Every structure is written in C-alpha cells, then in structure tokens.
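Below, all heavy atoms of this structure are taken into account, side chains as well, without hydrogens, waters or symmetry copies. All figures in this text were calculated on a predicted structure; none of them were measured in a lab. Nothing fancy with the numbering, it's 1 onward along the sequence.
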Amino acid sequence: EYCGEHRSDHFNAKAWEEEFTYRDVLVMTPQIFLNVLRHGFVTLARFQLLIFDEAHHATSHHPYNLIMQEFYWAAPAADRPKVFGMTASPVKKSVSASRDSHVAAIMQLESNLGCRVVTVSKEGQKEVNRHAPKPQEAELEHQPPPMKDFEYVTFPATARRLIDVLMQQNPLLGADA
C-alpha cells in the first residue's frame with residue numbers, strides 16, 4: 001500500500017526499483033502512481049494490468065485521466081497494459097440531467113480510459129441476485145498505533161484475526177480457507 005502517509009511519495013528511483021522488482025501487485029493512490037511515472041521511475045510497459053477504482057473520476061485533471069493522457073496514449077500500443085476501471089456510478093451527473101448529457105458523459109469516460117462501460121440492467125441485476133451468495137458480515141475493531149510508531153506488520157495481524165472470525169462464523173470455509 002503506497003500513499004502519502006507511508007512516505008512513499010519520498011521514495012527515490014532505487015527504492016521504487018526495489019518495489020517493482022520484488023512485488024507482483026502494488027496498490028497506490030492514483031497521484032502517487034502519476035508522480036512515479038512523471039519522475040521516470042518506471043514506464044507503463046512494466047505493467048500488465050492497471051486497476052482503477054472509482055474510475056468515474058477519470059475526467060479533467062484527475063490523476064487517472066492524466067495517467068492516461070500523459071503516459072498511456074503516448075506509449076506504443078504494444079507497451080500499454082490492460083486497464084480495468086470499476087465504479088458504481090459511471091456518470092457524475094445529477095439524476096435530473098438529460099439522457100443526452102448522461103450518454104455524453106459515458107462516451108467521454110470511455111474515450112478517456114479507452115474502455116467500454118458495461119452495466120447490468122435492473123432485470124439482469126435481479127437474476128444476478130438470485131444466484132449470488134449473500135455476503136456474511138463481521139465487525140472487527142482495530143486500533144492502529146499512533147503514526148510515529150506505525151509498522152507495516154499491524155495489517156497482517158488484523159487480517160489474520162478477521163479471517164479467524166469469519167471462519168468461526170461460517171463452517172463452510174473450513175480450516176483450509
């Protein structure tokens with residue numbers, strides 16, 4: 001996980017090279033990734049897949065859109081990673097906005113990300129709901145240490161406790177989950 005509070009915005013080329021060499025998956029804010037690309041610490045050719053969460057933000061001067069404009073479209077097609085954008089709301093317009101303005105916003109998003117917006121109709125959603133397992137929820141309180149004492153080991157311990165709680169609540173998960 002890379003974000004400003006973890007001081008990853010202060011990594012140098014050597015630190016980023018180490019991260020990209022020894023890790024298969026990196027999760028970071030779009031601004032951190034844009035900064036890494038702008039500093040030339042890595043090129044898009046190094047990646048197979050980019051996943052943009054809340055992809056509806058890929059407009060105007062948002063880092064998602066700038067990544068696409070400055071680096072993705074500028075790279076040779078063979079060097080471009082696949083892009084998978086996710087959002088629950090592909091249009092950031094008022095419900096009362098015209099159908100044409102919604103269509104235009106979707107077309108702009110598709111153009112910005114080089115993608116196709118795919119949604120499920122209301123009838124299709126009903127069908128999905130009939131076959132989709134109902135999630136089981138569990139709450140686990142986690143008190144992170146003060147930032148001056150932050151250690152990366154706190155998350156795995158919390159995740160392990162959460163997995164244990166979920167396994168106790170759902171015997172189908174079994175001991176091998």
Which pair of non-hydrogen atoms, one from His62 and one from Pro30, has the smallest distance, and what is that distance? CE1-CG, 4.0 Å

Report yes if some heavy atom in the side chain of Asp24 is under 4.5 Å from a heavy atom in the side chain of Gln48; otherwise report no. no

Taking all heavy atoms of Leu113 and all of Ala58, pick out the closest pair and write down the distance. CD2-CB, 3.6 Å

With distance as the sole test, does His39 use its side chain to make a donor-acceptor pair with the main-chain N or O of Asn35 at under 3.5 Å? yes

So, taking the atom named CD in Gln31 and the one named CD1 in Ile67, what distance separates them when rounded to the nearest 0.5 Å? 8.0 Å

Is the shortest distance from a Lys or Arg side-chain nitrogen in Glu127 or Arg130 to a carboxylate oxygen in the other one below 4.0 Å? yes

Donor-acceptor pair, side chain of Arg80 and main chain of Leu44, under 3.5 angstrom: no

Residue pair Tyr64, Phe33: steps toward the ring-ring contact (aromatic ring centres under 6.0 Å, His included) verdict: CA-CA 9 Å; Tyr64 284 153; Phe33 190 51; 9.6 Å; no

Show your working on side chain to side chain contact (heavy atoms under 4.5 Å, CB included) between Leu26 and Glu19 and close with a plain yes or no. CA-CA 8 Å; Leu26 294 105; Glu19 294 297 308; 4.2 Å; yes

Does any N or O in the side chain of Glu110 come within less than 3.5 Å of the main-chain N or O of Val117, such that one atom is a donor and the other an acceptor? yes

Check the pair Lys126 / Glu123 against side chain to side chain contact (heavy atoms under 4.5 Å, CB included), numbers first and verdict last. CA-CA 5 Å; Lys126 289 177 186 174; Glu123 285 304 311; 3.3 Å; yes

Report whether Leu49 and Tyr72 are members of the same hydrophobic cluster (ILVMFWY, side-chain heavy atoms less than 4.5 Å apart, transitive linking). no

Using the side chain to side chain contact (heavy atoms under 4.5 Å, CB included) rule, take Thr43 and Phe71 through it: C-alpha gap first, then chi angles, then the decisive distance, then the call. CA-CA 8 Å; Thr43 65; Phe71 299 96; over 6 Å; no

Could you give the distance from NZ (Lys14) to CZ (Phe41), rounded to the nearest 0.5 Å? 13.5 Å

Within a strict 4.5 Å, meaning less than it, do heavy atoms of the His102 and Val91 side chains meet? yes

If you round to the nearest 0.5 Å, how far is OG1 of Thr119 from CD of Gln125? 10.0 Å

Of all heavy-atom pairs linking Leu66 and Arg38, the shortest is CD1-NH2, 3.7 Å

Would the number of heavy atoms belonging to other residues, nucleotides or ligands and lying under 6.0 Å from CE of Met86 be above 12? yes

Exercise: identify the closest heavy-atom pair between Trp73 and Ser111: CZ2-O, 3.7 Å

Do the side chain of Thr87 and the main chain of Ser89 share a donor and acceptor less than 3.5 angstrom apart? yes

Correct closest heavy-atom pair for Ala55 and Leu109 would be O-CD1, 3.4 Å

Identify the two heavy atoms, one from Ser60 and one from Asn65, that lie closest to each other, and give their separation to 0.1 Å. O-ND2, 2.9 Å

